[in-house]
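A short worksheet on the structure shown next.
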Amino acid sequence: MATSAILKAITTLLAGLSLQLTLPVNAVTPSPSCASRFDWENAQLTNAIVANLSKQQQPNNSSSYFDFGSDAKVARPACKTFPGDASWPSTQLWNSFNATVDGALIKTVPLAAPCYNNWPQRDAAACQYVTEHWSDPHLHVNDPTSAQFPVFQGRTCLPTDDPSKICTLGGYASYSVAVTKVSQIQLALNFARNANIRLVVKNTGHDFNDKSIGAGALSVWTHKLKDINFFANYACRSYRGPAFKLGSGVVTEEVYAAAERNGVTAVGGECRTVGVAGGYIAGGGHSPMSTLVGMGADQVLSLEVVLPNGRFVTASEDSYPDLYWALRGGGGSTYGVVTSLVIKAYPKIPVTTMTFGFTTGPNVTVDTFWAGFKAYMSYFSAFTDAGAYGYFIVVAIGPDQYLFNFMPLWGGNMTKPQLVSLVTPFLNELSNLGIAVTPNFTEYDSLYKAFNGTWGPEQVGGSVGNSASRLFPRENFVTPAKLNATLGAVRYAIEQGGVLIGYNIRPAVNPGVNQNNAVNPAWRKTVSLFILAGPALASNATDAQVAKASKVLTTDWMKKWRDVSPGAGSYMSEGDINEPNFQQSFYGSFYPRLYALKQQYDPTGLLYAPTAVGSEDWYITGQLPYLPTQNGRLCKKTT
Ligand SMILES: Cc1cc2nc3c(=O)[nH]c(=O)nc-3n(C[C@H](O)[C@H](O)[C@H](O)COP(=O)(O)OP(=O)(O)OC[C@H]3O[C@@H](n4cnc5c(N)ncnc54)[C@H](O)[C@@H]3O)c2cc1C
Ligand SMILES: *[C@@H]1O[C@H](CO)[C@@H](O)[C@H](O)[C@H]1NC(C)=O
Ligand SMILES: *[C@@H]1O[C@H](CO)[C@@H](O)[C@H](O)[C@H]1NC(C)=O
Ligand SMILES: *[C@@H]1O[C@H](CO)[C@@H](O)[C@H](O)[C@H]1NC(C)=O
Ligand SMILES: *[C@@H]1O[C@H](CO)[C@@H](O)[C@H](O)[C@H]1NC(C)=O
Ligand SMILES: *[C@@H]1O[C@H](CO)[C@@H](O)[C@H](O)[C@H]1NC(C)=O
Ligand SMILES: *[C@@H]1O[C@H](CO)[C@@H](O)[C@H](O)[C@H]1NC(C)=O
Ligand SMILES: *[C@@H]1O[C@H](CO)[C@@H](O)[C@H](O)[C@H]1NC(C)=O
Ligand SMILES: *[C@@H]1O[C@H](CO)[C@@H](O)[C@H](O)[C@H]1NC(C)=O
Ligand SMILES: *[C@@H]1O[C@H](CO)[C@@H](O)[C@H](O)[C@H]1NC(C)=O
Ligand SMILES: *[C@@H]1O[C@H](CO)[C@@H](O)[C@H](O)[C@H]1NC(C)=O
């Protein structure tokens, strides 16, 4: 399979040169991982193939574009090459590259191009479809380069009913490879590195800061890597038990459904279409299961990864242990392209959810409302210690009017009587405050059923505002003075118009998994993740208005949050692209080690994403302060 596919690609490439190429049999390096590789992971690029490409391609010499990277430091231009530059690959060279990747190269067309006369794709019906489905994440997930927060793309091609406007690629990548096997990823990385092209990795495009896009980039699109293997009795190194091997294109709802079919529970996020093995685990990954078993990244037993030098390796406790550490929490698009990973699974558990909401009203003054929220926060420690997970919103719904709502409070591994008994003291406190609530308890016999019964399809694509997050330490909810100060900081932001999407969550200490990884140390101390959406903006807000609102969020509202939690952190996957001292906030004390590993494995800076490890060494041209987009050329800072 491996060799025949590559042979086909190379035969296509060489057709014009009328040469024959014989490929070696068994060119594949065996995986030191205990789960065998997927078939498409055995389709690998080898030295011999690259050497033959090189030889056969004279005199055009484009073959050197496919060479593996060396460890030697080589002088590089300060900026990545960009469309229109003399150094940008010719159409002929792109065609050669396309042939090596088996025709999987896509020349990017913005999703909304059918709405514009300046694109040959102009088509009123297609435009109407895109316009109507713009907030459906599947539209963006299924597109090779679209992402879910157009504000970071530069908003250069939104759906419109005025076809005379101009649509440009903006921050979208120029080309994308819809990869279905490892050799294509290796060739893409080698080509981008040798041709000095910006490289991005796109899975679902769900990242809060659109870390999967980039102007003038070649994109590796992992969406089609959908395989899921279940091992009822995985036995490898110290672990014996159920496990899944997941291709990096697999998303949450697919993993949960596979777990349900196999009578087990998997750890994933709460949103249906977020990738599991891509940005989610790379960033740490919080889950309704976290309070029971730890972070998503803690569950990883091994990973398969194409390194920036083009080599394909396994990262585990005994193979590239430094990468095994860094790939679990150190951030996506940094150390390589993960093609699959193996995660531990757990026996089936019951789940009981509780929902209710309360607002200010005739019997609930503004101060009483906040006293009710403070009462909840005072239970954050107790609830997470008992294994519960809370998901809620706090928002102003009018002048001096506020709403609190559970979405829901989630009792993992709890029957209804167990959850009722846990929350009764809290409900009594609300009652004593005069806040009348009618809790709705629902018991499910599996995580999948609870997930499916709780969360519907999400909406994306509309927001132009920024958001930020804080991992407040446990002490903020335990020490009375700190609890009061935390409440004050939260209340300030909500009074100003912020929206709090809150999680009462704590990654459990779990001796059954390897928690010695790069997950932000702030996670280990927290019992909450508070996401704060910045000032509300109309979807047609100008860049200047967006930048101004983002500045308020970062330097005023969030400053108060940082001030009441000095030394704590923020969650990189749901973070502020303008986060001050992002190295400390997103990576904590691990940053120096992560940075050193970045220099070691990616000396040429092939992989870049905003706020990723090492990103401080780069900039994108032509940016407004507080509105960094990917619409510009990527350049290295000169020191
Ligand atoms: C509606 C919504 C709900 C969410 N819910 C949760 C939640 O419950 N828990 C949680 O922890 N997070 C949650 N998130 C945040 C989520 O973890 C991040 O958005 C994450 O980055 C998504 O990863 P992705 O691979 O799906 O997306 P992408 O945006 O495609 O990728 C994110 C980053 O990872 C990189 N990347 C992707 N795949 C690979 C790969 N194979 N190898 C190397 N790098 C790769 C990309 O280059 C990019 O930098 C949510 C986000 C949204 C929008
Ligand atoms: C490279 O090509 C030559 C023919 O030009 C062939 O003899 C040789 O086996 C090939 N080697 C590999 C490793 O493909
Ligand atoms: C090699 O270069 C020649 C002349 O420049 C051109 O005609 C030919 O198509 C090129 N071949 C490839 C594979 O790029
Ligand atoms: C072909 O590539 C080799 C090595 O990359 C280089 O030394 C040589 O000068 C190149 N030839 C041409 C004609 O560009
Ligand atoms: C790559 O090749 C395939 C198959 O030949 C073709 O359909 C596709 O359009 C090509 N891509 C580009 C960017 O030319
Ligand atoms: C407000 O309190 C009064 C007196 O306790 C009660 O009769 C009434 O039902 C309450 N109203 C609401 C909306 O809870
Ligand atoms: C669920 O609870 C049972 C019984 O208390 C326990 O044995 C099991 O380990 C728990 N499972 C998880 C995932 O916490
Ligand atoms: C309680 O919650 C469940 C699950 O969301 C829902 O199906 C049901 O309609 C709710 N019941 C009431 C009375 O709101
Ligand atoms: C998921 O929920 C929907 C409605 O919310 C329901 O129609 C469907 O049957 C559920 N699926 C499963 C597998 O339980
Ligand atoms: C509680 O915090 C507020 C600021 O939000 C402050 O004004 C007040 O003095 C604090 N009260 C106590 C008892 O610390
Ligand atoms: C946005 O659109 C509204 C009407 O929908 C208009 O009143 C407003 O002026 C527009 N704002 C900008 C900045 O164009």
Side-chain angles (χ1 to χ4, degrees), residues 137 140-141 145-149 179 185 199-214 217 219-223 225 246-252 267-290 295-297 303-306 327 331-341 353-356 389 391 407-408 438-444 450 452-461 463 467 469 501 503 505 523 529 531 537-546 571-575 607-612 615:
H140 305 274
V141 168
T145 55
S146 189
Q148 317 213 348
F149 297 88
V179 299
I185 302 175
L199 185 98
V200 296
V201 186
K202 188 207 160 179
N203 186 22
T204 68
H206 251 311
D207 187 86
F208 272 39
N209 297 322
D210 278 359
K211 289 183 203 168
S212 66
I213 67 171
S219 174
V220 170
W221 186 33
T222 58
H223 174 67
L225 306 178
L246 308 174
S248 54
V250 170
V251 299
T252 309
V267 179
E270 115 285 312
C271 163
R272 288 169 183 262
T273 54
V274 168
V276 177
Y280 170 81
I281 275 176
H286 66 80
S287 170
M289 289 295 288
S290 289
M295 300 294 286
L303 312 94
E304 306 292 319
V305 55
V306 180
L327 289 168
S333 193
T334 304
Y335 300 105
V337 181
V338 171
T339 63
S340 73
L341 45 74
T353 61
M354 176 186 74
T355 51
F356 69 74
Y389 156 95
Y391 181 39
M407 313 187 287
T438 44
N440 175 4
F441 292 91
T442 311
E443 186 174 330
Y444 303 90
N452 187 52
T454 299
W455 294 303
E458 52 272 358
Q459 302 243 312
V460 302
S463 158
S467 59
S469 70
I501 306 291
Y503 295 87
I505 187 172
W523 268 111
L529 164 64
I531 300 173
L537 288 161
S539 59
N540 65 347
T542 62
D543 281 358
Q545 288 167 335
V546 174
Y571 182 36
M572 76 173 84
S573 287
E574 298 177 319
L607 290 162
Y608 163 91
T611 76
S615 59

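Every heavy atom of this structure was used, including side-chain atoms; hydrogens, water molecules and symmetry mates were not. Indexing begins at 1, ligand by ligand and atom by atom, following the structure's order.
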Check your understanding: Any heavy atom of Ala612 sitting closer than 4.0 Å to ligand 1?
Key -> no
Review point. Sub-3.5 Å donor-acceptor pair from the side chain of Ser615 to the main-chain atoms of Pro610, do we have one?
Key: no
Review point. Does Thr355 come within less than 4.0 Å of ligand 8, judged by its heavy atoms?
Key: no
Check your understanding: Taking heavy atoms and a distance under 4.0 Å, where does Ser333 meet ligand 1: side chain, backbone, both or neither?
Key -> both
Exercise for review: Describe, in one word, how the ring planes of Trp455 and Tyr391 are oriented to each other, choosing from parallel (under 30°), tilted (30 to 60°) and perpendicular (over 60°).
Suggested key: perpendicular
Practice item. Have a look at ligand 8 and work out which part of Tyr444, if any, has a heavy atom under 4.0 Å from it: side chain, backbone, both or neither. Key: side chain
Revision key, fill the gap. The closest protein heavy-atom partner of atom 28 (P) of ligand 1 is Gly205 N, 3.5 Å
Study note, to complete from the structure: Taking only non-hydrogen atoms of Asn203 and a 4.0 Å limit, the atoms of ligand 1 in range are 24 (P), 25 (O), 26 (O), 30 (O), 37 (C), 38 (N)
Review point. Can you tell me the protein heavy atom closest to atom 29 (O) of ligand 1 and the distance?
Key: Asp207 N, 2.9 Å
Exercise for review: Search all heavy atoms of Thr204 against all heavy atoms of Val274 and return the closest pair with its distance.
Suggested key: CG2-C, 4.2 Å
Review point. Which residue holds the protein heavy atom closest to atom 52 (C) of ligand 1, what is that atom called, and what is the gap in Å?
Key: Phe208 CE1, 3.6 Å
Practice item. Please say whether Thr222 places an N or O atom under 3.5 Å from an N or O atom belonging to ligand 1. Key: no
Point to revise | Polar contact flag for Asn440 and ligand 8 (N/O pairs, less than 3.5 Å) | key: yes
Review point. Where the side chain of Ser248 meets the backbone of Val338, is there a donor-acceptor pair that is under 3.5 Å apart?
Key: yes
Practice item. Measure the distance from atom 7 (C) of ligand 1 to every protein heavy atom, then report the residue, atom name and distance (to 0.1 Å) of the closest one. Key: His286 CE1, 3.4 Å
Check your understanding: Under 30°, 30 to 60°, or over 60°: which ring-plane class applies to Phe208 and Phe149, parallel, tilted or perpendicular?
Key -> tilted
Practice item. Report the nearest protein non-hydrogen atom to atom 45 (C) of ligand 1: residue, atom name, distance rounded to 0.1 Å. Key: Val201 CG1, 3.8 Å
Point to revise | Protein contact of atom 42 (N) of ligand 1 - nearest heavy atom, named by residue and atom, plus distance | key: Val338 N, 3.0 Å
Review point. Would you find a donor on one side and an acceptor on the other, under 3.5 Å apart, between the side chain of Ser212 and the backbone of Asp210?
Key: no
Point to revise | Shortest non-hydrogen contact from Ala277 toward Leu341 | key: CB-CG, 3.6 Å
Exercise for review: Among all protein heavy atoms, pick the one closest to atom 2 (C) of ligand 1 and tell me residue, atom and distance.
Suggested key: Cys271 SG, 3.6 Å
Exercise for review: With atom 53 (C) of ligand 1 as the reference point, say which of Arg272, Lys202, His206 has the nearest heavy atom.
Suggested key: His206
Point to revise | Ligand-side contact atoms (ligand 8) for residue partner Thr442, heavy atom cut-off under 4.0 Å | key: 1 (C), 2 (O), 3 (C), 4 (C)
**Study point:** Under 3.5 Å: N/O of Glu458 near N/O of ligand 1
**Key:** no
Exercise for review: Specify the closest pair of heavy atoms between Ser573 and Gly283, including all atoms of both residues, with the distance to one decimal.
Suggested key: OG-CA, 3.7 Å
**Study point:** Main-chain N/O of His286 paired with Tyr280 side-chain donor or acceptor, under 3.5 Å
**Key:** yes
Review point. Ligand 1 and Glu270, any nitrogen or oxygen pair closer than 3.5 angstrom?
Key: yes
Check your understanding: Does His140 reach the side chain of Thr273, with side-chain heavy atoms less than 4.5 Å apart?
Key -> no
Review point. Going through the distances and angles, do His223 and Val141 end up as a side-chain contact (heavy atoms from CB on, under 4.5 Å)?
Key: CA-CA 8 Å; His223 174 67; Val141 168; 3.8 Å; yes
Point to revise | 4.0 Å heavy-atom contact, Gly285 with ligand 1 | key: yes
Practice item. Output the list of atoms in ligand 1 that are nearer than 4.0 Å to some heavy atom of Gly336, sorted by atom number. Key: 42 (N), 43 (C)
Could you list, one pair per line, each nitrogen or oxygen of ligand 11 together with any protein nitrogen or oxygen closer than 3.5 Å, giving atom names and the distance rounded to 0.1 Å?
unit_1	atom_1	unit_2	atom_2	d
ligand 11	2 (O)	Asn540	ND2	2.2
ligand 11	11 (N)	Asn540	ND2	3.1

**Study point:** Nearest-neighbour protein heavy atom for atom 13 (C) of ligand 1, which is reported as residue plus atom name and distance
**Key:** Glu574 OE2, 3.1 Å
Practice item. Spell out, as yes or no, whether a donor-acceptor pair under 3.5 Å connects the side chain of Trp523 to the backbone of Tyr571. Key: no
Practice item. Taking Ser469 for its side chain and Ile531 for its backbone only, find out whether a donor-acceptor pair lies under 3.5 Å. Key: no
Review point. Numbering the atoms of ligand 1 from 1, which are under 4.0 Å from a heavy atom of Gly275?
Key: 26 (O)
Check your understanding: By number and element, which atoms of ligand 1 are closer than 4.0 Å to a non-hydrogen atom of Lys211?
Key -> 47 (O), 48 (C), 49 (O)
Exercise for review: Let me see the working for His206 and Glu458 under side-chain contact (heavy atoms from CB on, under 4.5 Å), right down to the final yes or no.
Suggested key: CA-CA 11 Å; His206 251 311; Glu458 52 272 358; 4.1 Å; yes
Point to revise | Considering all heavy atoms, the nearest Ile281-Ala297 contact | key: O-CB, 3.6 Å
Review point. Within less than 4.0 angstrom of ligand 1, does Tyr571 place any heavy atom?
Key: yes
Review point. For Leu607, does its backbone N or O pair with a side-chain atom of Ser333 as donor and acceptor, under 3.5 Å?
Key: no
Study note, to complete from the structure: Between Ser290 and Met295, the two heavy atoms sitting closest are OG-CA, 4.0 Å
Check your understanding: Which of the atoms of ligand 1 are close to Ser248, meaning less than 4.0 Å from one of its heavy atoms?
Key -> 41 (N)
Check your understanding: Okay, side chain of Glu270, backbone of Thr454: is any donor-acceptor separation there less than 3.5 Å?
Key -> no
Study note, to complete from the structure: Residues Ile213 and Ala147: closest non-hydrogen pair is CG2-CB, 3.7 Å
Check your understanding: Is Val337 close to ligand 1, meaning an N/O of one under 3.5 Å from an N/O of the other?
Key -> no
